[in-house]
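Notes follow the structure.
Residue numbering restarts at 1 for every chain, and letters A, B, ... go by the order of the sequence lines.
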2 protein chains.
Amino acid sequence: MSQPATKQRILDAAEQLFAEGGFHHTSLRAITTKAGVNLAAVNYHFGNKEALVEAIFERRLCPLNTARRQQLDAVRDRARAEGRAPGIEEILRAFIEPTLAFRDAGPGARAFISLVGRALSEPDGVVRGTFIHHMQPLFAYLLELTRVALPQLSPQRTFWRLFFALSAIGHTICLLDKPLPWPPGVTPLQDSEALLAEILPFLTAGMEVKE
Amino acid sequence: MSQPATKQRILDAAEQLFAEGGFHHTSLRAITTKAGVNLAAVNYHFGNKEALVEAIFERRLCPLNTARRQQLDAVRDRARAEGRAPGIEEILRAFIEPTLAFRDAGPGARAFISLVGRALSEPDGVVRGTFIHHMQPLFAYLLELTRVALPQLSPQRTFWRLFFALSAIGHTICLLDKPLPWPPGVTPLQDSEALLAEILPFLTAGMEVKE
DNA sequence: AAAAATGTAAAACATTCGTTTAAATCGAAC
DNA sequence: GTTCGATTTAAACGAATGTTTTACATTTTT
C-alpha cells in the first residue's frame with residue numbers, strides 16, 4: 001500500500017457514499033471505514049471534509065469537461081473546414097456523448113453523476129461553487145457555438161433555450177439510475193444510444209423552432 | 001397565541017430554512033428559534049423531524065397539484081366540448097401556469113420551490129418518497145392527456161418526451177432564484193409571462209417533432 | 001369549582017459529528 | 001544501522017444534533 005493508494009481509496013469510497021447519502025449525511029467515519037483507512041486520513045491528506053468534496057469533483061469533472069471540449073472543437077473545426085456553420089444537433093451531441101461515455105465507464109463514474117445532479121441545487125456553497133467554477137467556461141464555449149449555429153435567435157433567447165436543453169439533459173441523466181414508478185409499458189432507457197436517439201431530436205426541435 | 005399558531009410558525013420557519021440550507025443541515029434549534037417557539041415543540045406537534053418534512057410537502061404540494069389538476073380538467077373538457085383532441089401546448093401550459101402562479105404567491109411558496117427542486121435528487125428516502133407519492137398520480141394524468149394529444153407517438157416515446165419536458169420545467173423554475181453567472185447581455189427572466197413565452201414554444205416543438 | 005386534557009418551558013439525555021493530538025510505524029537516504 | 005521525514009494509528013476533544021423527560025401553564029370539560 002503505497003502513498004497514493006490511501007488517497008484514491010478515500011476518493012472512491014467518498015464518491016460512492018456521497019452519491020448514495022449526500023454530503024452532510026455521509027460521515028467521515030463511514031468513508032474511512034469503507035475505504036479501509038484510518039479516520040484521520042481524510043484530514044491528513046485533504047485537510048478537511050470540504051476539500052475532499054472539491055477533490056472528488058476535480059478528479060472526475062476535469063477529464064469529462066476536457067473530453068466535451070475536444071468534441072466541441074471537432075465540431076467547430078469540421079464546420080469550418082466545410083465552410084458552413086455548425087449544426088445545433090452536433091453541438092448538443094458533442095456535449096452529451098462524452099457524458100454518456102463517462103457514465104458507461106464504471107460504477108465510480110456512475111456514482112459521480114448522481115453527485116453532479118445534486119450539485120446545482122445543493123444548498124452547500126462549496127459544492128455549488130466548485131461545480132459552477134468547473135462548468136462555467138465550458139458553458140460559455142457551448143453558448144458561443146450555439147449562437148453561430150442559430151444566428152437568427154437573439155442572444156437572450158439562445159441562452160435560455162440552451163439552458164432548457166441542458167436542464168433536460170442533466171436531470172434525465174441524473175435520474176437514469178434512480179428507481180422511479182415507471183408507468184406500465186414504459187421501460188428505462190437501457191443504453192446510451194437509445195437515450196441519445198430519444199433526446200437529441202427533442203432538444204434539436206426545441207432549439208430550432210421558429211417561434 | 002392559540003394552538004395552530006405554533007404549528008404554522010414552525011412550518012413557515014422550517015420551509016424557509018430547509019430551502020436555504022437543506023434538510024440535514026438545518027437543525028431543529030434553528031427552526032424553533034426562528035419560529036419563536038420552544039425546541040420541543042417540533043417533536044410535540046409533528047413527532048419527529050422527518051414528519052415535519054412530510055407536513056411541509058403536504059401543506060404546499062396538495063393545493064398546488066389540485067390547481068394543476070383543475071387546469072388539466074379544463075383543458076380536457078374544452079377539447080371534448082369542441083370535439084377535438086387536446087393540444088400539447090395547452091397541456092403543458094396547464095401544468096406550468098399554476099406552478100408559476102404558486103411561485104408568485106409569496107416568499108414562502110418561493111422557498112418551497114427550492115425544496116421541490118432538491119426533492120427528486122435528494123438521497124433522503126423520506127423526502128424523495130413523499131414527493132414521488134404526491135406527484136405520481138398527477139404525472140399519470142398528464143401522460144394520459146399527452147397520449148391523446150400526440151397519438152402518433154409510441155407510449156414509450158411519449159413518456160420520455162414528457163419526462164424531458166418536465167425536467168426542463170422543473171430545473172428551470174428551481175434555479176430561477178439562485179444566483180448564476182449570467183453571460184453578458186443575458187438577464188434573468190423577470191416575470192412568469194416571459195418564462196412561459198420562452199419555454200412553451202421550446203417544449204411544444206420538442207414534443208411534436210416528427211423524428 | 002374541580003378535574004382532565006392540551007400546550008409550553010427548561011433542562012438534560014445519549015449520540016454523532018469533524019477535527020486534533022501524540023505516539024507508533026514505515027521507508028528510504030545517508 | 002541510524003536518522004529523518006512521511007504516513008498511519010488510536011484516542012480524545014469540544015461542539016452540535018434529535019429526542020426525551022419532567023415540571024409548569026393554560027384551556028377545556030364535567
Side-chain angles (χ1 to χ4, degrees), chain A residues 1-59 115 118 122-130, chain B residues 1-59 115 118 122-130:
Chain A
M1 270 165 235
S2 62
Q3 169 182 354
T6 298
K7 288 187 75 167
Q8 190 163 334
R9 295 236 302 274
I10 291 175
L11 286 173
D12 290 337
E15 183 174 64
Q16 184 173 336
L17 290 177
F18 281 157
E20 294 170 0
F23 299 99
H24 288 106
H25 192 246
T26 301
S27 68
L28 293 183
R29 283 167 177 82
I31 295 171
T32 51
T33 298
K34 183 181 182 70
V37 302
N38 188 267
L39 168 62
V42 170
N43 293 82
Y44 177 79
H45 285 284
F46 297 94
N48 52 35
K49 193 180 180 183
E50 288 189 347
L52 171 61
V53 173
E54 293 181 19
I56 289 178
F57 272 86
E58 304 232 343
R59 180 175 71 150
L115 281 189
R118 228 170 302 137
E122 184 77 19
D124 187 299
V126 175
V127 178
R128 216 175 111 78
T130 301
Chain B
M1 269 168 236
S2 63
Q3 170 181 355
T6 296
K7 286 187 77 167
Q8 188 162 335
R9 295 236 303 272
I10 291 175
L11 286 172
D12 291 337
E15 182 173 66
Q16 183 173 337
L17 290 177
F18 281 156
E20 295 170 0
F23 299 100
H24 290 104
H25 192 245
T26 301
S27 69
L28 293 182
R29 283 165 178 81
I31 294 170
T32 51
T33 298
K34 183 181 182 68
V37 302
N38 187 268
L39 168 61
V42 170
N43 292 81
Y44 178 79
H45 285 284
F46 298 94
N48 52 35
K49 193 180 179 182
E50 287 188 348
L52 170 62
V53 172
E54 293 181 20
I56 290 177
F57 272 86
E58 304 234 342
R59 180 176 70 150
L115 281 189
R118 228 171 300 138
E122 184 77 18
D124 187 300
V126 176
V127 177
R128 217 176 109 79
T130 302

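Looking at B/Leu11 and B/Leu52, their side chains come closer than 4.5 Å, going by heavy atoms from C-beta outward. At a threshold of 4.5 Å between non-hydrogen side-chain atoms, the residues A/Thr6 and A/Asn38 do not count as touching. Counting only heavy atoms from C-beta outward, the side chains of B/Thr130 and B/Val53 never approach each other to under 4.5 Å.
Each of A/Tyr44 and A/His25 was assigned the nucleotide of DNA chain C with the nearest heavy atom; the assignment lying further toward the 5' end belongs to A/His25.
Residue contacts for B/Ala40: at a heavy-atom cut-off of 4.0 Å it reaches a base atom on one of the strands shown. Contacts of B/Thr26 with the nucleic acid, taken as non-hydrogen atoms under 4.0 Å apart, involve only primed sugar atoms and P, OP1 or OP2.
In this entry the distance linking CZ of A/Arg29 with C1' of C/dT16 reads 7 Å, nearest Å. If you measure from atom CG of B/Asn43 to atom C1' of C/dC13, you get 13 Å, rounded to the nearest angstrom. Counting to the nearest Å, the C1' atom of D/dC13 and the CG atom of A/Leu39 are 12 Å from each other. In this structure, CD of A/Glu50 is placed 14 Å from C1' of C/dC17, rounded to the nearest angstrom. The NE2-P distance, from B/His24 to C/dC17, rounds to 11 Å in whole Å. D/dT20 atom C1' lies 13 Å from atom CG of B/Asn48, rounded to whole Å. In this entry the distance linking CG of B/Leu28 with C1' of C/dA11 reads 16 Å, nearest Å. Summarising the geometry, the separation between CG on B/Asn38 and C1' on C/dA9 is reported as 5 Å, rounded to the nearest angstrom.
At most 12 non-hydrogen atoms from other residues, nucleotides or ligands lie less than 6.0 angstrom from NE2 of B/His25.
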**Study point:** Candidate pair A/Asp12 and A/Arg59, rule salt bridge (Lys or Arg N to Asp or Glu O under 4.0 Å), full reasoning
**Key:** CA-CA 10 Å; A/Asp12 290 337; A/Arg59 180 175 71 150; 3.0 Å; yes

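The two residues B/Gly21 and B/Thr26 come nearest to each other via the heavy atoms C-OG1, 3.9 Å.
Taking only side-chain nitrogens and oxygens, A/Ser27 never comes nearer than 4.0 Å to OP1 or OP2 of C/dT16. Within the structure, every side-chain polar atom (N or O) of A/His45 is placed at least 4.0 Å from both OP1 and OP2 of D/dA6. Contact between the side-chain N/O atoms of A/Thr6 and the OP1/OP2 oxygens of D/dT8 is found at a separation under 4.0 Å.
Sorted by residue number, the list of members of residues 12-19 of chain B with any non-hydrogen atom under 4.0 Å from DNA chain C is empty.
The ring-ring contact (aromatic ring centres under 6.0 Å, His included) check on A/Phe46 picks up nothing, with sequence neighbours excluded.
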